[in-house]
Amino acid sequence: MTDGVAPAPGWYPDPYGSGAVRWWDGVRWTDQLASPPPTPAAPVYGAPTRRPLPADTPIYTVWIWLVAVLPLLTGLLLFLLHPQPLFREEAGSTTLHITNPFALLGGPMYFVVMGINWLIAAALIVFSWLDYRELARRGVERPFHWAWSFLTLVYPIGRSVVVRGVAGGRGLAPMWVAIAAYVVAFALAAIWTVMLVAQIIGTASLNVPTGA
């Protein structure tokens with residue numbers, strides 16, 4: 001009782017020291033005991049957690065697969081370039097003359113390949129946005145933002161991590177496909193570079209003027 005007013009009926013800490021709660025009927029303590037309510041957990045500050053997706057929610061889109069595999073095309077496009085010797089020796093002369101200054105780049109095809117590469121970069125951004133929008137439509141809260149696609153490989157990795165967190169461990173496949181595509185693209189670029197250097201060295205050795 002407080003100030004002569006009896007508390008309302010309810011569960012209160014046991015005044016007899018049992019550690020449980022005892023029922024107060026508004027007049028007296030009864031023999032009813034119960035376990036005390038659990039102590040509320042301390043609040044965790046930071047980014048709110050995302051709501052899990054239903055198990056039957058599809059988590060892959062055609063857009064994320066395009067984002068994952070398109071970088072492979074950039075490596076294949078290099079083989080459309082066929083650099084030509086930059087120097088040639090004129091008949092009857094030992095002097096080397098510069099040919100077309102763009103010959104070593106592969107001629108006009110260089111600009112075609114560069115244009116296609118820019119289109120691929122733009123397509124990756126658009127496809128990332130479409131994938132982001134579709135994930136939100138399917139119920140993924142705060143999907144990994146599509147703007148990270150400007151950093152190429154970052155979007156499929158971040159997207160896979162976020163989806164895995166709400167889809168019960170599913171969703172990492174696009175990340176591995178994207179990494180594999182980049183590895184293959186870099187390998188193709190290395191092969192093309194070695195072939196180019198070998199061609200330049202071979203051409204230079206054939207065109208070195210010899211003494212009379």
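All values derive from a computational prediction rather than experimental measurement.
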To the nearest 0.5 Å, tell me how far Y110 OH sits from L80 CG.
14.0 Å
Decide if atom CH2 of W29 counts as having more than 12 heavy atoms of other residues, nucleotides or ligands within a radius under 6.0 Å.
yes
Salt bridge (charged side-chain N to carboxylate O under 4.0 Å, His left out) partners of R164, counting only residues at least two apart:
none
I'd like to know if Y182 and L78 are part of one continuous hydrophobic network [Ile/Leu/Val/Met/Phe/Trp/Tyr, side-chain heavy atoms within less than 4.5 Å].
no
Check residues 113-122 and write down every donor-acceptor pair under 3.5 Å in which the side-chain atom is one partner and the other belongs to a residue at least two apart or another chain.
unit_1: N117; atom_1: ND2; unit_2: V113; atom_2: O; d: 3.4

Would you say that P71 contacts L124 through its side chain, given a criterion of any heavy-atom pair below 4.5 Å between the two side chains?
yes
Main-chain N/O of F79 paired to W192 side chain as donor or acceptor, under 3.5 Å
no
Assess the residue pair R22 and D31 against the criterion (side chain to side chain contact (heavy atoms under 4.5 Å, CB included)); give the C-alpha distance rounded to whole Å, side-chain angles, the decisive distance to 0.1 Å, and a yes or no.
CA-CA 7 Å; R22 186 181 293 270; D31 294 332; 4.3 Å; yes
CG-OG1 distance between L70 and T152, expressed to the nearest 0.5 angstrom
12.5 Å
Can W176 be reached from V62 by stepping across I, L, V, M, F, W or Y side chains whose heavy atoms are under 4.5 Å apart?
no
Identify the residue among V161, V163, I157 that makes a side-chain contact (heavy atoms from CB on, under 4.5 Å) with R159.
V163
Does the side chain to side chain contact (heavy atoms under 4.5 Å, CB included) test come out yes or no for Y132 and F144, once each step is laid out?
CA-CA 7 Å; Y132 169 87; F144 194 73; over 6 Å; no
Flag this pair as yes if the NZ/CZ of R28 is under 6.0 angstrom from the six-membered ring centre of W24 and inside a 45 degree cone about the axis; otherwise no.
no
As an exercise, state the distance from CG of L130 to CG of L66, rounded to the nearest 0.5 Å.
9.5 Å
Atom of P156, atom of P174 and distance for their closest heavy-atom approach:
CB-O, 4.4 Å
Tightest non-hydrogen contact, residues Y12 and P7, listed as OH-CB, 3.7 Å
Could I get the full list of side chain to side chain contact (heavy atoms under 4.5 Å, CB included) partners for A173, not counting sequence neighbours?
Y60, W65
Given the rule that I, L, V, M, F, W and Y join up when any side-chain heavy atoms are under 4.5 Å apart, are M175 and L53 in one cluster?
no
Is it true that I179 and V184 fall in one hydrophobic cluster, defined by side-chain heavy atoms closer than 4.5 Å?
no
Out of curiosity, W63 CH2 to W129 CH2, how far, rounded to the nearest 0.5 Å?
9.5 Å
Do any N or O atoms from the side chain of S18 and from the backbone of D14 form a donor-acceptor pair under 3.5 angstrom?
no
Between W11 and W23, how do the two ring planes meet: parallel, tilted or perpendicular, split at 30° and 60°?
perpendicular
Give me the atom names and distance for the closest heavy-atom approach of I59 to R138.
N-NH1, 4.0 Å
Around W148, counting heavy atoms of other residues, nucleotides and ligands shown, do more than 12 lie under 6.0 Å from its CH2?
no
Atom CG in D131, atom CH2 in W146: separation rounded to 0.5 Å?
13.0 Å
Quick one: does any side-chain atom of E141 pair with a main-chain N or O of R50 as donor and acceptor, under 3.5 Å?
no
So, for V177 and A68, which heavy atoms are closest and what is the spacing to 0.1 Å?
CG1-CB, 3.8 Å
Please answer: with hydrophobic residues joined when any side-chain heavy atoms are less than 4.5 Å apart, are L172 and V69 in the same cluster?
no
